[in-house]
Every structure is written in C-alpha cells, then in structure tokens.
Engineer: 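Below is one structure. I have some questions about it.
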Amino acid sequence: MTDVPLPRVLSGIQPTAGSFHLGNYLGALRQWVGLQDSAEAFYCVVDLHAITVPQDPAELRRNTLVSAAQLLALGVDPGRSTLFVQSHVPEHLQLSWVLECLTGFGEAGRMTQFKDKSQREGTAGATVGLFTYPVLQAADILVYQADQVPVGEDQRQHLELTRDLAIRFNNRYGEAFTVPETQIPPGAAKILDLQSPDKKMSKSLPPAGCVFLLDEPTVTAKKIRSAVTDTGREIVADPENKPGVTNLLTIHSALSGRSVAELEEQFTGRGYGDLKKELAEVVTDFVAPVRARTQELLDDQAELERILGAGAERAREVASATVADVYDRTGFLPPAGTRR
C-alpha cells in the first residue's frame, strides 16, 4: 500500500506591526497550527509585501523577528512545517516577473486593494509594487506547488488571479503548476474591533479597539472592560442588533471552547460587566504564555535565526525546482554548466 502524500499548503503574514492581534490569531493563525497535522505546510513572514507602503528599516527587521517568534509561540512547529522569511527565498521574485508578463494591466487594476487605495488617494499615492502585489502573492503560492491556500474572504480575489495565472501558463507552456484550491479554514472566527464592532479588528484602527497578543495583561483587560456594548442588558448573540456583545461572546467561545449558546445560558440575568470581567480573564490567560514564549525566543536571536535559516533552505529546495522548470519552459537560456 503506497503512502498518499499530504496536500501542500502555503500561507503568509505581514510583519507590519510589533504584535499580532486577536483577530489575526482567531481568524487565521490558529488554523495554521491545526493544518500541520493534515498538510505539508509552508508558512512565511512576507516582508517583501510589507514594503508596498513605507517602512522604517530597523523596525521592519525587528518586526520580522517578532512575527516569527510569535508564530513559534502560537504553535507553528519547525519540525512539522517550513517556517521562513519571504525575502530569504529569491525564487519568489524570480517567478513573479514571469507571472507579471502574463498578467493583463486591466486584470491587475481590478484587484481590490489597489483599486481601493488608488480611489482613496489617487494613483499618485499608489506604488507599482502595490499594483503588482497580487502577482507576487501568486508567485508565493505557485513556487511551492501549493494544493491549498487557507484564505479569508478578503483574499479570495487574489487567489482567483493565482489560479488564472497558473492555468494560463500551463496552457501556453505545458503543465508546470499545480492549480491551488481555496480553503476557507474551518473554525476561523471573524473578530471585530472592540470600539467599532461594525469593522474587523485591525491595527489600522485606533489601538483602543485592538487586542494585541504582546500587550501587557493589564492593558488587554482594560481594553476589554472598555469595549463598546449595545442597548439593553440581555447577553445574547445578535450580530445585527447587538454586534458589540456578539463579538465578546465570539471571542470568549473561540478561546474557551464553550459554545455561544452555553455562554448565553451562563450569563442569563447578568450584566455586561460580568461578561467583560470573565472575558478579560479568558483572554489574559491565553496571551500570557504566548507573550512569555515570544520573549524567550527573542532573547535567543541566534536560535531564532537558525530556525528561519533552516526553513529558508527547505523552502528554496522546493522553490528552485519550480523556477528552473518554469524558466526552461519559458525559453530562458540556462547558465553555463546547468543545462539539463
């Protein structure tokens, strides 16, 4: 009986803040950890994508290390998955150029992020990097021949472009790429801002509504106690009429493992203050060990860099084979001594 290979997955996260937030974890990163059991996982800190907007160089370097440390602290296991920094694998950029030459100008212009930013600020405020960002994202995926890509709804359009480019190349030059499938991870929770529960939790909103994993526990507890709630006193999930309370129940359920219905029953006849007090304890109990482990990893930077170096080496083994095949099919002359 032959072993069936595990499906390969690829996902990445930008190092554009000094800490991930609860929305990042419950919406995606928790699922990354779970996928290690059922897939061959490639996870990267996408620092190349980060510079589509201006970054302070020292801060970007620091945030890249902090991001990698947090992924390890949250349960990404370098023994079971490949963890690396995007810029350490130049094959991403080598493949991106080939894919850019297959991408229509109008096709790239329809991508939501570029369209939104250029409509808000005008095209003068948008870089060519932002315009071609989705093509580099396609290269990130295709260079590893990923079978599945866990994405949120906001990235679905980019994955469709990835699939289109893979099919376009395969039709023109022969079967070089696996065409990836979209995977909306089971158990992913949409976490809303504590002060603006009509918006997703985000580092781009005022910090009072965002629970950062590396915040001091007292700061986290204060943010939860100050969360916006709704009219009335009843603690029930009602996304339309009680978005604030619903969000608090969603976070509690996701971290405690108890169903929203159980929590509604538990808090029958009690006030919003009781829910917030208990939720603050649940959240701080979760973030405290993550925070401590992240700091441990950062205190041994040489070991952290060793893990990332080993991940990049493994990633390059896979990525270089893809690029060599794509370059050959495209018609590039191989360097002397490398002809196959």
Engineer: Indicate, with yes or no, if Leu304 and Trp32 share a hydrophobic cluster defined by side-chain heavy-atom contacts under 4.5 Å among Ile, Leu, Val, Met, Phe, Trp and Tyr.
Structural biologist: yes
Engineer: Has the side chain of Ser81 got a donor or acceptor atom that lies under 3.5 Å from a matching backbone atom of Asp77?
Structural biologist: yes
Engineer: To the nearest 0.5 Å, tell me how far Phe177 CZ sits from Arg329 CZ.
Structural biologist: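 Between atom CZ of Phe177 and atom CZ of Arg329 there are 9.5 Å.
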Engineer: Can you tell me how far apart CD1 (Ile141) and CG (Leu99) are? Round to the nearest 0.5 Å.
Structural biologist: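 If I round to the nearest 0.5 Å, the distance is 10.5 Å.
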Engineer: Is there a donor-acceptor contact under 3.5 Å linking the side chains of Gln55 and Glu59?
Structural biologist: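 No, no side-chain donor-acceptor pair sits under 3.5 Å.
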Engineer: Could you tell me which residues satisfy side-chain contact (heavy atoms from CB on, under 4.5 Å) with Arg306, sequence neighbours excluded, listed by chain and number?
Structural biologist: Glu303
Engineer: Hydrophobic clustering (ILVMFWY, side-chain heavy atoms < 4.5 Å, transitive) - are Leu95 and Leu48 grouped together?
Structural biologist: no
Engineer: Please enumerate all residues that pass ring-ring contact (aromatic ring centres under 6.0 Å, His included) together with Phe42, with sequence neighbours excluded.
Structural biologist: Tyr144
Engineer: Any donor-acceptor pair under 3.5 Å linking the side chain of Thr127 with the backbone of Leu130?
Structural biologist: yes
Engineer: Tell me every residue that passes ring-ring contact (aromatic ring centres under 6.0 Å, His included) with Phe286, counting only those two or more places apart in sequence or in another chain.
Structural biologist: Tyr25
Engineer: Examine distances only and state if a side-chain atom of Asn247 and a backbone atom of Leu192 form a donor-acceptor pair shorter than 3.5 Å.
Structural biologist: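 Present.
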Engineer: Can you measure from SG (Cys44) to CZ (Phe84) and round to the nearest 0.5 angstrom?
Structural biologist: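 The SG atom of Cys44 sits 4.0 Å away from the CZ atom of Phe84.
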Engineer: Look only at the side chain of Asp285 and the backbone of Val282, and say whether a donor-acceptor pair between them is shorter than 3.5 Å.
Structural biologist: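 Side chain of Asp285 to backbone of Val282: no pair is present.
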Engineer: Taking it one step at a time, do Leu194 and Cys210 satisfy side-chain contact (heavy atoms from CB on, under 4.5 Å)?
Structural biologist: CA-CA 6 Å; Leu194 297 181; Cys210 189; over 6 Å; no
Engineer: Taking Glu262's backbone N and O only, do any of them form a donor-acceptor pair with Ser259's side chain (distance below 3.5 Å, no angle check)?
Structural biologist: yes
Engineer: Rounded to the nearest 0.5 Å, how far does CE of Met201 lie from CD of Gln195?
Structural biologist: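 Output value for this atom pair is 10.0 Å.
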Engineer: Taking everything shown except Glu313 itself, do over 12 heavy atoms lie less than 6.0 Å from its CD?
Structural biologist: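 Counting other residues, nucleotides and ligands, CD of Glu313 stays at 12 neighbours or fewer.
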Engineer: With a 4.5 Å cut-off on side-chain heavy atoms, are Asp328 and Pro334 touching?
Structural biologist: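 Not touching, per the 4.5 Å side-chain cut-off.
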Engineer: Which salt bridge (charged side-chain N to carboxylate O under 4.0 Å, His left out) pairs, counting each pair once, include a residue from residues 34-51, with sequence neighbours left out?
Structural biologist: Arg8-Glu40, Asp37-Arg80, Glu40-Arg314
Engineer: Tell me yes or no: between the side chains of Arg293 and Gln70, is some donor less than 3.5 Å from an acceptor?
Structural biologist: no
Engineer: Please report the interatomic distance CG(Asp274) to CD(Gln266), rounded to the nearest 0.5 Å.
Structural biologist: 9.5 Å
Engineer: Would you find a donor on one side and an acceptor on the other, under 3.5 Å apart, between the side chain of Ser19 and the backbone of Leu213?
Structural biologist: yes
Engineer: State, with a plain yes or no, whether a side-chain heavy atom of Pro15 is found less than 4.5 Å away from one of Leu60.
Structural biologist: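 In contact.
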Engineer: Can Asp140 and Gln86 be counted as having a side-chain donor-acceptor contact under 3.5 angstrom?
Structural biologist: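 Yes, side-chain donor-acceptor contact under 3.5 Å.
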Engineer: Does Arg258 come within less than 4.0 Å of Glu278, counting only side-chain N to carboxylate O?
Structural biologist: yes
Engineer: Taking the basic N atoms (NZ, or NE/NH1/NH2) and the acidic carboxylate oxygens, is any pair closer than 4.0 Å for Arg291 and Glu296?
Structural biologist: no
Engineer: Should Val66 and Leu29 be regarded as members of a common hydrophobic cluster, given that ILVMFWY residues are connected when their side-chain heavy atoms come within less than 4.5 Å of each other, either directly or indirectly?
Structural biologist: yes
Engineer: What are the two closest heavy atoms between Thr246 and Pro239, and how far apart are they?
Structural biologist: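 Thr246 and Pro239 have their closest heavy atoms at OG1-N, 3.5 Å.
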Engineer: Could you tell me if the side chain of Val323 sits less than 4.5 Å from the side chain of Val98, heavy atoms only?
Structural biologist: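 No, too far: nothing below the 4.5 Å cut-off.
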Engineer: Under the criterion side-chain contact (heavy atoms from CB on, under 4.5 Å), I'd like the reasoning laid out for Val149 against Gln137: C-alpha separation, chi angles, the key distance, then a yes or no.
Structural biologist: CA-CA 11 Å; Val149 185; Gln137 194 174 57; over 6 Å; no
Engineer: Please identify each residue that fulfils salt bridge (Lys or Arg N to Asp or Glu O under 4.0 Å) with Asp164, with sequence neighbours left out.
Structural biologist: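 Salt bridge (Lys or Arg N to Asp or Glu O under 4.0 Å) list for Asp164, sorted by chain: empty.
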Engineer: Could you tell me whether the side chain of Thr16 and the main chain of Ala50 form a donor-acceptor pair under 3.5 Å?
Structural biologist: no
Engineer: I'd like to check Gln36 versus Val33 (side-chain heavy atoms, cut-off strictly below 4.5 Å). Are they in contact?
Structural biologist: yes
Engineer: Do Asp147 and Val9 come within less than 4.5 Å of each other through their side chains, counting heavy atoms only?
Structural biologist: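 The answer is no, as the side chains (C-beta and beyond) never meet within the 4.5 Å cut-off.
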Engineer: State whether the side chain of Ser226 and the backbone N or O of Lys223 hold a donor-acceptor pair below 3.5 Å, judged by distance alone.
Structural biologist: no
Engineer: Name all residues meeting the ring-ring contact (aromatic ring centres under 6.0 Å, His included) criterion together with Tyr173; count only those two or more places apart in sequence or in a different chain, and write none if there are none.
Structural biologist: Phe169
Engineer: Can you find a side-chain donor-acceptor pair between Ser96 and Glu100 that sits under 3.5 Å?
Structural biologist: yes
Engineer: Quick check: closest heavy atoms across Ala68 and Leu83, and the distance to 0.1 Å?
Structural biologist: O-CD2, 4.2 Å
Engineer: What's the verdict on side-chain contact (heavy atoms from CB on, under 4.5 Å) for Asn63 and Val45, showing C-alpha distance, side-chain angles and the deciding distance?
Structural biologist: CA-CA 10 Å; Asn63 287 348; Val45 180; over 6 Å; no
Engineer: Gln14 and His49: side-chain donor and acceptor closer than 3.5 Å?
Structural biologist: no
Engineer: If you look at every heavy atom in Ala315 and Val89, which pair is closest and at what distance?
Structural biologist: CB-CG2, 3.9 Å
Engineer: Can you spot which of Asn171, Asn170, Leu165 makes a side chain to side chain contact (heavy atoms under 4.5 Å, CB included) with Ile167?
Structural biologist: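 Running side chain to side chain contact (heavy atoms under 4.5 Å, CB included) over Asn171, Asn170, Leu165 with Ile167 returns exactly one hit, Asn171.
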Engineer: Under 6.0 Å between the ring centres of Tyr272 and Phe267?
Structural biologist: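 Between Phe267 and Tyr272, which both carry aromatic rings, the centre distance is not below 6.0 Å.
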Engineer: Quick test of your reading of the model: are Glu234 and Lys242 salt-bridged, counting only N-O distances below 4.0 Å?
Structural biologist: no
Engineer: Kindly check if the number of other-residue, nucleotide or ligand heavy atoms within 6.0 Å of CZ (Arg233) is above 12?
Structural biologist: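 Count not over threshold, so no.
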Engineer: Hey, are the side chains of Thr162 and Leu142 touching, using non-hydrogen atoms and a 4.5 Å cut-off?
Structural biologist: yes
Engineer: Going only through I, L, V, M, F, W and Y residues with side-chain contacts under 4.5 Å, is there a path from Val236 to Leu279?
Structural biologist: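 In one cluster: no.
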Engineer: Would you confirm whether Tyr327, through its side chain, and Thr322, through its main-chain N or O, come within 3.5 Å as a donor-acceptor pair?
Structural biologist: no
Engineer: Working to the nearest 0.5 angstrom, can you tell me the gap between Ile224 CD1 and Thr220 OG1?
Structural biologist: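 It comes to 6.5 Å.
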Engineer: Taking Leu159 as the starting point, is it possible to reach Leu10 by hopping between hydrophobic residues whose side chains are less than 4.5 Å apart?
Structural biologist: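 Same hydrophobic cluster.
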Engineer: Closer than 3.5 angstrom, by distance alone: can the side chain of Thr268 be matched with the main-chain N or O of Glu264 as a donor-acceptor pair?
Structural biologist: yes
Engineer: Show the nearest heavy-atom pair for residues Ala237 and Leu249, with the distance to one decimal.
Structural biologist: N-CD1, 3.7 Å
Engineer: Does Glu305 CD have over 12 foreign heavy atoms under 6.0 Å away?
Structural biologist: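 Correct, the count exceeds 12.
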Engineer: So with a 6.0 Å cut-off around CD1 of Ile51, is the heavy-atom count from everything else above 12?
Structural biologist: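 It does not: Ile51 CD1 has 12 such atoms or fewer within range.
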Engineer: Mind checking whether Ser202 and Asp193 have side chains closer than 4.5 Å, heavy atoms only?
Structural biologist: no
Engineer: Evaluate side-chain contact (heavy atoms from CB on, under 4.5 Å) for Val211 paired with His21, printing each intermediate quantity in order.
Structural biologist: CA-CA 5 Å; Val211 176; His21 57 70; 5.8 Å; no
Engineer: Any side-chain heavy atom of Ser38 sitting closer than 4.5 Å to one from Leu6?
Structural biologist: no
